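Each remark here refers to the structure printed beneath this line.
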Amino acid sequence: MKFFDSKQQAVVDFVPLKPGKVGIYVCGPTVQSAPHVGHLRSAVAFDIVARWLRIGHGYEVKLVRNVTDIDDKILVNAQNLGKDWRELAVEVEAGFNQVYDSLGAGVAHSPHATEHIGGMIGVIERLIERGHAYQAENGTANVFFDTASHPAYGELTNQKLENMEGEAIGGGRRAAHDFALWKSAKPGEPETASWDSPWGKGRPGWHIECSAMTLAELGEAFDIHGGGLDLRFPHHENELAQSRAAGFEFANHWMHNGLVTVSGQKMSKSLGNGVSVEELFELGNPAAVRYWLASAHYRSSLDYSPTSLAEAVSALGRIVNFVRRASEVAEVSVTEMPHEFVEAMDSDFSVPVALGVLHDTVRVGNSALDAGDKDAVAAALGSVVRMADVLGLDLTSNEKVATAETIELIEGLIAKRNQARADKDYAQADLVRAELTAMGITIEDQAGKTVWMWSN
RNA sequence: GGUGGAGUGGCUGAGCGGCCCAAAGCAGCAGCCUGCAAAGCUGUAAAACCACGGGUUCAAAUCCCGUCUCCACCUCCA
């Protein structure tokens with residue numbers, strides 16, 4: 001299989017460093033405030049990558065997504081809310097996890113920055129020993145990475161130091177592009193937000209967290225480092241520089257997912273055009289949201305609009321409907337995935353193409369249903385279920401989950417309507433149907449029976 | 001100033017030298033099915049002349065050159 005390596009800027013054949021095993025590290029959220037759509041896109045994109053490597057290739061995949069739980073913004077937001085920063089971090093993280101889980105994009109390994117302070121100090125010490133980092137000469141505990149000492153700096157984003165805009169020199173920084181590895185504790189900050197280090201009390205810089213956590217979770221060399229396109233610079237560039245300067249192989253490949261836009265513009269906190277997760281879930285169930293998030297290639301930008309989400313709801317509904325109908329006449333059998341699907345996934349995770357194949361299979365299956373060809377139905381069903389599994393689409397999301405009383409009520413209404421139909425009292429039948437519709441229920445008259453499901 | 005990416009039907013969105021008189025989904029129209037619907041099937045319209053102008057090639061949406069427009073990154077951001 002091949003995918004686009006965003007460091008090499010080329011499509012490459014993927015060969016795991018260790019046969020049969022794949023290590024992936026994806027930059028997770030800074031738990032400062034509630035998740036927005038961009039976080040979801042990244043999570044779903046890399047979840048699909050991991051699923052495909054597992055299901056499609058049988059690799060043993062370790063997918064790590066970190067949690068940055070100490071950061072300037074967490075401290076500021078906590079202070080504004082009048083609560084302990086650690087409490088805020090825990091709360092926000094719980095919110096993230098709930099959303100990730102509902103989308104089927106939860107992760108088994110989620111190291112926290114605050115659990116790896118020791119490892120970060122270790123990497124920093126190593127960098128100082130090797131002459132790639134220095135403590136600020138202004139008497140603070142600040143430690144900076146010395147970009148001038150690392151000629152490869154800029155290799156990830158193909159930039160030259162002299163062309164880059166830099167920060168103002170200050171705080172003991174020697175050069176504009178040197179970045180903080182360790183940040184000195186400042187007066188007024190909570191005591192709990194600083195740790196002892198050889199350079200004095202302080203906390204880690206953002207980039208060093210990931211270098212230390214990849215090392216702890218995946219070792220000195222691992223297969224894929226992923227994250228949103230907006231993290232390429234400076235975050236990933238700096239991570240790479242640190243880890244390489246410290247003598248580690250680091251990531252063999254890099255993958256970056258495209259951003260979510262609104263009317264063509266990047267969705268971000270700073271622009272204030274964020275669409276909340278709640279808003280999304282009002283328009284579609286989690287499976288439909290996932291479908292939508294996957295509906296554009298992971299490297300393209302994905303433009304948000306209520307309409308595009310509504311289309312995802314309909315498109316997914318088509319798949320769900322097929323599986324529901326097919327399941328009534330056939331068992332899910334273990335079936336091969338269509339070649340076209342496999343090829344699509346193998347060529348840079350072309351999910352949009354894969355979805356096209358999935359829909360083609362659904363249409364074939366629907367035709368088989370109409371023709372009463374049970375073998376063909378079973379084949380299509382098995383195939384669709386497997387493909388949906390690869391993409392992590394939950395096809396049961398509008399199954400009849402309801403209390404016994406509700407079910408009884410619904411079935412009573414359906415019986416009432418069917419009696420009216422039998423009596424040819426269609427006005428009455430339509431009234432009952434309207435009642436059901438108002439309850440959020442859609443019904444389908446099939447040969448000899450009427451089935452119901454939740455609308456949407 | 002530097003580094004990348006993108007412009008394809010009404011909408012979303014694939015394709016990236018010949019299988020493209022361009023996938024799939026959504027939306028539309030007609031027929032079948034239905035008491036009517038829903039779901040589904042079948043068929044189908046529109047100038048999709050693939051941003052624009054040149055070029056290469058037997059062959060270009062796909063390659064090259066130029067132009068325009070848009071986006072991202074170079075400050076925190078998935």
Side-chain angles (χ1 to χ4, degrees), chain A residues 6 9 26-30 32 35-46 65 68 71-73 154 156-168 177 206 226-235 237 256-261 264-271 274 291-292 295-297 299-303 305 307-319 321-322 324-325 340 344 350-360 362-363 365-371 420-422 424-427 429-430 433-434 437 442-447 450-453 455:
Chain A
S6 43
Q9 290 179 41
V26 181
C27 284
T30 297
Q32 47 143 331
H36 74 273
V37 184
H39 296 105
L40 310 189
R41 157 105 121 144
S42 176
V44 167
F46 288 101
R65 182 174 58 218
T68 297
D71 167 85
D72 290 356
K73 283 191 177 159
L156 179 67
T157 49
N158 195 24
Q159 299 187 92
K160 295 194 173 80
L161 274 176
E162 59 267 30
N163 288 331
M164 286 190 248
E165 299 164 357
E167 285 187 61
H177 297 97
W206 178 33
L229 199 54
D230 51 353
L231 295 184
R232 276 177 82 225
F233 195 94
H235 185 52
E237 187 74 75
H256 288 96
N257 64 272
L259 305 178
V260 178
T261 58
Q265 272 217 315
K266 175 184 171 183
M267 187 185 292
S268 75
K269 292 241 166 75
S270 31
L271 289 173
Y291 184 103
W292 173 69
S295 66
H297 185 90
R299 287 196 280 123
S300 311
S301 56
L302 174 66
D303 201 53
S305 72
T307 316
S308 67
L309 191 53
E311 288 183 7
V313 170
S314 300
L316 179 68
R318 189 173 158 80
I319 301 167
N321 276 332
F322 165 68
R324 177 174 52 76
R325 295 202 308 149
E340 298 81 4
S350 298
V351 174
V353 177
L355 283 172
V357 177
L358 209 171
H359 273 106
D360 286 338
V362 165
R363 187 169 3 83
N366 275 326
S367 296
L369 270 171
D370 282 8
R421 289 170 71 209
K424 299 204 189 299
D425 182 358
Y426 296 121
D430 289 348
R433 184 167 59 200
T437 304
T442 302
I443 56 172
E444 251 180 58
D445 292 330
Q446 297 179 359
T450 298
V451 300
W452 67 272
M453 69 217 79
S455 311

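Owing to the predicted nature of the structure, the values given are computational and were not obtained by experimental measurement.
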_Secondary structure of RNA chain B in dot-bracket form (Watson-Crick or G-U wobble, distances below 3.5 Å, | marking inter-strand pairs)_ = ((((((((.[[[..)..(.....]]].(((((.......)))))......[[[[[..)....]]]]])))))))....
*Going from CG on A:L40 to NE2 on A:H36, what distance comes out if it is rounded to the nearest 0.5 angstrom?*
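So the gap between those two atoms works out to 8.5 Å.
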*Distance from A:S305 atom OG to A:E311 atom CD, nearest 0.5 Å?*
7.5 Å
*asked:* Is a donor from one side chain sitting under 3.5 angstrom from an acceptor on the other, for A:R318 and A:N321?
replied: no
Touch check for [X], heavy atoms < 4.0 angstrom, all strands: base, sugar-phosphate only, or nothing?
X	answer
A:P234	sugar-phosphate
A:V260	base
A:H256	nothing
A:G258	base
A:G228	sugar-phosphate
A:N366	sugar-phosphate

Does [N] have OP1 or OP2 under 4.0 Å away from a side-chain N or O of [X]?
X	N	answer
A:N158	B:rG4	yes
A:K266	B:rC73	yes
A:S300	B:rA14	yes
A:N163	B:rG1	no

*Using whole Å, report how far CG of A:N257 lies from P of B:rA78.*
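Computing the A:N257:CG to B:rA78:P distance gives 11 Å.
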*To the nearest Å, how far apart are A:L259 CG and B:rC71 C1'?*
9 Å
_B/S/- contact track for nucleotides 16-35 of chain B, protein heavy atom under 4.0 Å_ = -------BSBB--------B
_Nucleotide nearest A:F233 when distance is taken to its side chain, options B:rA78, B:rA14, B:rC74_ = B:rC74
*Under the 3.5 angstrom rule, does the side chain of A:E237 hit a backbone N or O of A:T157 as a donor-acceptor pair?*
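Checking the backbone N and O of A:T157 against the side chain of A:E237, a donor-acceptor pair under 3.5 Å is found.
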_Any side-chain to backbone donor/acceptor pair from A:H359 onto A:G356? Under 3.5 Å, distance only._
no
Nearest-angstrom distance, [atom1] atom, [N] to [M]:
N	M	atom1	result
B:rC50	B:rG9	P	10 Å
B:rA72	B:rC58	P	42 Å
B:rG66	B:rC71	P	22 Å

*How do A:S295 and A:K73 order along RNA chain B: which one's closest nucleotide is nearer the 5' end?*
A:S295
*Between A:Q32 and A:V362, name the one whose nearest nucleotide on RNA chain B is closer to the 5' end.*
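Whichever sits nearer the 5' end wins; that is A:V362.
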